[in-house]
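One structure is given here, and the rest of the page talks about it.
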Amino acid sequence: MIPLLVLLALIGGLVLLVVARSSPQQQIRRLIDRQIKLAVAGRYGKLHATLTPKAKAACGSPHDFAGELQRLAVSEPDFWYLVDIRNINVKVEGNRALVTYTVTYNGRVVERATLQDPDLYIRWTQPTVLGPKPSKASIAAQVAALDRQQKPGPLANPLPPKQYKAARDRIIREGKRQPVLWKKGQWYDEFDSHVHCGT
């Protein structure tokens with residue numbers, strides 16, 4: 001009898017964990033975590049993909065967006081390591097979420113998202129939108145940009161051999177797929193005063 005109760009308790013706990021992890025609040029928190037990790041890793045194209053159409057229009061093409069963030073990374077190499085986002089609160093209203101937080105840079109408060117001026121996220125409710133498959137020239141340009149980062153100079157950001165190979169393989173692998181621009185049911189960062197586009 002006791003093993004059966006333990007098993008039921010474990011199953012119940014797993015169900016609650018799955019429900020909690022799939023709540024809109026948790027999905028948005030995971031998206032924010034992912035955005036931070038993408039910024040730290042310098043994967044600005046993937047970071048650009050977390051934006052809504054309105055935010056993407058304001059930030060320009062993935063190339064322009066990445067260029068702005070790359071300039072920031074070159075001028076302040078430790079920037080993302082000194083940024084900390086605290087007190088994240090998510091209030092979901094249907095397919096829209098108001099996110100509040102405090103951002104510090106090297107321990108000093110540099111930005112606040114408040115209920116009067118929140119960071120907005122929306123859930124994509126329209127059908128999934130696919131983008132064009134990358135051209136061979138685009139893939140070659142991405143590989144060339146990665147190779148330039150390996151060489152000494154103002155855009156140098158050399159990776160260890162294993163990371164370089166993984167990044168190169170990822171570019172080639174993703175170049176074979178038709179990208180998903182916006183997926184039905186997924187949350188995206190909406191344009192507001194907290195989307196800075198790297199400036």
Side-chain angles (χ1 to χ4, degrees), residues 16-93 95-124 145-146 149 154-160 162-164 166-167 170 182-183 186-199:
L16 285 175
L17 181 63
V18 168
V19 169
R21 283 186 57 82
S22 63
S23 74
Q25 288 86 352
Q26 289 297 339
Q27 290 173 19
I28 293 166
R29 282 178 176 271
R30 283 197 305 272
L31 175 55
I32 293 168
D33 286 344
R34 182 170 175 253
Q35 289 176 313
I36 294 166
K37 288 175 183 172
L38 290 171
V40 169
R43 297 185 64 196
Y44 305 128
K46 290 286 188 182
L47 181 59
H48 187 266
T50 67
L51 304 176
T52 65
K54 187 176 174 184
K56 283 183 178 178
C59 290
S61 71
H63 183 266
D64 295 338
F65 179 76
E68 286 297 321
L69 289 172
Q70 184 64 37
R71 278 189 279 286
L72 175 65
V74 169
S75 65
E76 297 184 56
D78 294 332
F79 179 82
W80 291 111
Y81 298 100
L82 298 174
V83 170
D84 189 18
I85 301 177
R86 302 175 181 178
N87 306 320
I88 299 173
N89 290 299
V90 180
K91 182 179 178 187
V92 176
E93 298 175 346
N95 292 315
R96 187 171 170 238
L98 311 175
V99 181
T100 62
Y101 50 74
T102 301
V103 179
T104 63
Y105 177 74
N106 202 17
R108 182 175 53 92
V109 174
V110 292
E111 182 177 6
R112 281 193 172 92
T114 64
L115 281 177
Q116 293 73 34
D117 182 23
D119 197 350
L120 302 175
Y121 285 76
I122 64 166
R123 184 176 9 221
W124 190 256
L146 179 66
Q149 290 176 7
L155 296 179
N157 186 18
L159 298 171
K162 283 186 180 180
Q163 288 182 10
Y164 166 78
R170 184 173 49 247
W182 296 286
K183 185 177 180 181
Q186 191 163 317
W187 288 91
Y188 293 91
D189 200 346
E190 177 63 297
F191 181 72
D192 53 47
S193 65
H194 304 282
V195 173
H196 301 297
C197 303
T199 58

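In this structure, D189 and L31 approach most closely via the heavy-atom pair N-CD2, 4.5 Å. Shown here for L115 and P118, the closest heavy-atom pair between the two residues is O-CD, 3.6 Å. Nearest heavy-atom pair across Y121 and Q35 is OH-OE1, 2.9 Å.
Counting only heavy atoms from C-beta outward, the side chains of V83 and Y105 approach each other to under 4.5 Å. Contact check for L120 versus L98: side-chain heavy atoms found under the 4.5 Å cut-off. Considering only heavy atoms from C-beta on, F79 stays 4.5 Å or farther from L69 through its side chain. For the pair V195 and C59, the minimum side-chain heavy-atom distance is below 4.5 Å. Side-chain contact between L159 and Q149 is absent, with no heavy atoms from C-beta onward closer than 4.5 Å.
Annotation: side chain to side chain contact (heavy atoms under 4.5 Å, CB included) contacts of N95 (sequence neighbours excluded): R123, T125. Shown here are the side chain to side chain contact (heavy atoms under 4.5 Å, CB included) partners of Q116, two or more places apart in sequence or in another chain: T114. Residues meeting the side chain to side chain donor-acceptor pair (under 3.5 Å) test with Q186, sequence neighbours left out: none.
Y188 places a side-chain N or O within 3.5 Å of a backbone atom of K183 that can act as its donor or acceptor partner.
Atom CZ of R29 sits in a crowded spot, with more than 12 heavy atoms from other residues, nucleotides or ligands closer than 6.0 Å.
Ring geometry, W182 versus W124: the interplanar angle falls under 30°, so the pair is classed parallel (tilted spans 30 to 60°).
For residues 97-119, no pair satisfies salt bridge (charged side-chain N to carboxylate O under 4.0 Å, His left out), with sequence neighbours left out. Listed by first and then second residue, the salt bridge (charged side-chain N to carboxylate O under 4.0 Å, His left out) pairs that reach into residues 47-65 come to none, sequence neighbours excluded.
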Considering only distance and modelled atom types, tabulate donor-acceptor pairs under 3.5 Å from the side chains of residues 36-49, sequence neighbours left out.
unit_1	atom_1	unit_2	atom_2	d
K46	NZ	E174	OE2	3.2
H48	NE2	G60	O	2.8

### Full working for side-chain contact (heavy atoms from CB on, under 4.5 Å) between V92 and W187
CA-CA 11 Å; V92 176; W187 288 91; 4.2 Å; yes
